[in-house]
Asker: 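Got a structure for you, written out below as structure tokens; questions coming shortly.
Reminder, nothing fancy here: chain letters follow the sequence lines and each chain counts from 1.
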Amino acid sequence: MLDARFVRENIDALKSALQKRGYDRGYDIDLSEFLSLEEERLRLMREAEEMRNKRNVVSEEIGRLKKQKQDAENLIVEMKGVSDRIKEIDETLKGIEEKTGLFLLNIPNIPHESVPVGKDETENVEIRKWGELRVFDFEPLNHWDIAETLDIIDFERGAKIAGARFAVMKGLGARLERALMNFMLDLNTSKGYKEIFPPILVNRESMTGTGQLPKFSEDLFRTVDPEFYLIPTAEVPVTNIYRGEILREDQLPIYYTAYTPCFRREAGSYGKDVRGLIRQHQFNKVELVKFTKPEDSYSELEKLTDDAEDILQKLGLPYRVVALCTGDMGFSSAKTYDIEVWLPGQQRHREISSCSNFEDFQARRANIRFKREGKKGTEFVHTLNGSGLAIGRTVVAILENYQQKDGTVTVPEALRQYMGADIIK
RNA sequence: GGAGGGGUGGCUGAGCGGUUGAAAGCGACGGUCUUGAAAAUCGUUGUAGGGGCAACUCUACCGUGAGUUCGAAUCUCACCCCCUCCGCCA
């Protein structure tokens, strides 16, 4: 969320930011209406405060008169009128604040100046590449074909039990899933990230705090009674750990890593990635989350991305890092690097991690602040997160990159102690 | 699910419907004292919004929301959360 005052005072900067994002159309109320509502809001607020002041002063006087057994009937009648007027203004204000609040909640973050301007994913910019693409002396298969032969993933029965976009992991497939969780958590914690295992059902406030609500409710699974939301990423519960809190400067930066299942409706992606493990309603992910001081957040983003890349390097999976352009970046992010792993079965790179700096966008929504030593007042922290990594897609990458001509799959060196096996066969 | 108790400032904990933004204690910070520290002692110590160049000033906030009242931390209702006991249960 952007600050109302910031919007009031930086209307042109905001307009150009929205344009770069391709967000310039489709608002319920536009910026100029917002501005006039704000003007009205400030005017009414001042009037109400003035009247409250009057009420406070006179009420005190009434108390004094009554104590002295004097008549205060005139004042009481007068104050009744004042109170009625305050109530009237408050109601109008509430209506206005509902509109302006919703408007602010629906404005995306302003991209950082270093973010390439572009309309969609075709204009993302490759930053670097790592790893040699393996040369196959046979036609590499898709992971779903490999998995079927090895009988380690059962898509049909996943569909029977739950529906499309669900899978059953079996045997060494299930073991691989578990091995990856442990491998990633161990690696991340060895770098100073504290391990967190949070709730995976959360309330509306948490979803609003990180930016999934109110705008993206169609992407979420929800329970009805009582109402909970299934998290689409550990970012939600982990970032909300400090919702509404004021941290001390010396607590920052905070590094957390969390394994959780993730749940996504994938509404609007019909027909995309219908086969295989790439796009599931339920998937496992290990997440990296940081809370930092504002001046550190961009160097922390680089470090966070390095940490995510390191996982792929240790697994020997070739990848590239792209900077998302303004048109492809997520709603809450100020800057995002995607890490895309090479999938020989599909002959293309696929996103396996997304590392973002949200600056104070989430912190403002979730009201996460910190206090500097010896300074008055508080500031919003900066929040960052990135996958470290998406486990299902890592399974895909391992199956496709490490497949052998005979249909078996070599287990990456770093994973063998976790797998208790060298080969999946 | 049933019965009961409770949610107040960084923490502990008072608080008759009327100078209570909130006693007291602890902690923290600053001063005095001390060679230094401790002890003692004095003082300071919430957040947010509005107005003003500023000193400053006004407003709101005692779980959340609504209500009663000239006036609510204090009364009423609903909801949320926590604790204890019972039941059920991985």
Asker: Between Glu78(A) (CD) and U69(B) (C1'), how many Å, whole number?
Answerer: 17 Å
Asker: Distance check, P atoms only: U34(B) and G50(B), in whole angstrom units.
Answerer: 49 Å
Asker: Does Lys371(A) put a side-chain nitrogen or oxygen below 4.0 Å from OP1 or OP2 of U47(B)?
Answerer: yes
Asker: With a cut-off of 6.0 Å (strictly less than), are more than 12 heavy atoms of other residues, nucleotides or ligands near CD of Glu47(A)?
Answerer: yes
Asker: Classify the nucleic acid contact of Lys67(A) as base, sugar-phosphate or nothing, counting any heavy atom under 4.0 Å across all strands shown.
Answerer: nothing
Asker: With heavy atoms under 4.0 Å as the rule, sort Leu75(A) into base, sugar-phosphate or nothing.
Answerer: nothing
Asker: Considering only distance and modelled atom types, tabulate donor-acceptor pairs under 3.5 Å from the side chains of residues 144-153 of chain A, sequence neighbours left out.
Answerer:
unit_1, atom_1, unit_2, atom_2, d
Thr149(A), OG1, Asp145(A), O, 2.9
Asp151(A), OD1, Lys170(A), NZ, 3.0

Asker: How far, in whole Å, is C80(B) from G25(B) if one measures between their P atoms?
Answerer: 39 Å
Asker: Expressed in angstrom and rounded to an integer, what is the separation of Glu245(A) atom CD from U47(B) atom C1'?
Answerer: 14 Å
Asker: Assign Arg64(A) to base, sugar-phosphate, or nothing according to its heavy-atom contacts below 4.0 angstrom with the strands shown.
Answerer: nothing
Asker: Does A78(B) pair with anything, Watson-Crick or G-U wobble, both distances under 3.5 Å, and if so, with which nucleotide?
Answerer: U64(B)
Asker: If we call it a pair only when both distances are under 3.5 Å in a Watson-Crick or G-U wobble match, what pairs with A54(B)?
Answerer: none
Asker: Roughly how many Å apart are G13(B) and C70(B), using the P atom of each and rounding to a whole number?
Answerer: 37 Å
Asker: Could you check whether the rings of Phe183(A) and Tyr418(A) sit parallel, tilted or perpendicular, using 30° and 60° as the cut-offs?
Answerer: perpendicular
Asker: Can you tell me how far C1' of U47(B) sits from CZ of Phe370(A), to the nearest Å?
Answerer: 16 Å
Asker: Tell me the interatomic distance from Glu249(A), atom CD, to G10(B), atom P, rounded to whole angstroms.
Answerer: 18 Å
Asker: Say we look at C16(B) and G63(B): how far apart would their P atoms be, to the nearest angstrom?
Answerer: 15 Å
Asker: Only pairs with both distances under 3.5 Å count, Watson-Crick or wobble alike; so what is the partner of A37(B) in this structure?
Answerer: none
Asker: Starting at the 5' end of RNA chain B and moving along, which residue's nearest nucleotide shows up first, Glu60(A) or Met79(A)?
Answerer: Glu60(A)
Asker: Are Lys87(A) and U68(B) close enough that a side-chain N or O sits under 4.0 Å from OP1 or OP2?
Answerer: yes
Asker: Please name the nucleotide paired to G43(B) by Watson-Crick or G-U wobble geometry with both distances under 3.5 Å, or report none.
Answerer: C29(B)
Asker: At under 4.0 Å, does any side-chain N or O of Ser83(A) touch on OP1 or OP2 of G71(B)?
Answerer: yes
Asker: Checking side chain to side chain contact (heavy atoms under 4.5 Å, CB included) between Ile424(A) and each of Thr408(A), Leu176(A), Ile398(A), which is the one that passes?
Answerer: Leu176(A)
Asker: For Glu50(A), is the CD atom crowded, meaning more than 12 foreign heavy atoms sit under 6.0 Å from it?
Answerer: no
Asker: For the C1' atoms, the ones on A24(B) and on A90(B), what distance do you get once it is rounded to whole angstrom?
Answerer: 47 Å
Asker: Can you check the Phe228(A) CZ to C80(B) P distance for me, whole Å?
Answerer: 11 Å
Asker: Applying the side chain to side chain contact (heavy atoms under 4.5 Å, CB included) test to Asn385(A), which of Val238(A), Thr210(A), Val289(A), Thr233(A) qualifies?
Answerer: Val289(A)
Asker: Should G1(B) form a Watson-Crick or G-U wobble pair with both distances under 3.5 Å, which nucleotide is its partner?
Answerer: C86(B)
Asker: In whole Å, measure the gap between the C1' atoms of G46(B) and C29(B) for me.
Answerer: 15 Å
Asker: Using whole Å, what does the distance between atom P of nucleotide C29(B) and atom CZ of Arg248(A) come to?
Answerer: 12 Å
Asker: Once you apply the 3.5 Å cut-off to both distances, tell me the Watson-Crick or G-U wobble partner of U59(B), or none.
Answerer: A48(B)
Asker: Expressed as a whole number of angstroms, how long is the span from Asn367(A):CG to A48(B):P?
Answerer: 9 Å
Asker: When the distance from CG of Asp250(A) to P of A28(B) is rounded to whole Å, what number comes out?
Answerer: 14 Å
Asker: Between C33(B) and A38(B), how far apart are the C1' atoms? Round to whole Å, please.
Answerer: 12 Å
Asker: List the protein contact pattern of nucleotides 50-59 of chain B with one symbol per nucleotide (5' to 3'): B for base contact, S for sugar-phosphate-only contact, - for none; contact means a heavy-atom distance under 4.0 Å.
Answerer: SS------BS
Asker: Evaluate the side-chain proximity of Met207(A) to Phe216(A): yes if any heavy-atom separation is below 4.5 Å, no if none is.
Answerer: no
Asker: For a quick test of reading the model: is some side-chain N or O of Lys94(A) closer than 4.0 Å to OP1 or OP2 of A66(B)?
Answerer: yes
Asker: Verify the neighbour count for atom CD of Glu295(A): are there more than 12 heavy atoms of other residues, nucleotides or ligands below 6.0 Å?
Answerer: yes
Asker: If we take the C1' atom in both U12(B) and G6(B), what is their distance in whole Å?
Answerer: 16 Å
Asker: Arg369(A) near the nucleic acid: base, sugar-phosphate alone, or nothing, with a heavy-atom cut-off under 4.0 Å?
Answerer: sugar-phosphate
Asker: Under a 4.5 Å cut-off applied to non-hydrogen side-chain atoms, are Leu213(A) and Tyr229(A) in contact?
Answerer: yes
Asker: With sequence neighbours excluded, what pairs up with Lys54(A) under the salt bridge (Lys or Arg N to Asp or Glu O under 4.0 Å) test?
Answerer: Glu78(A)
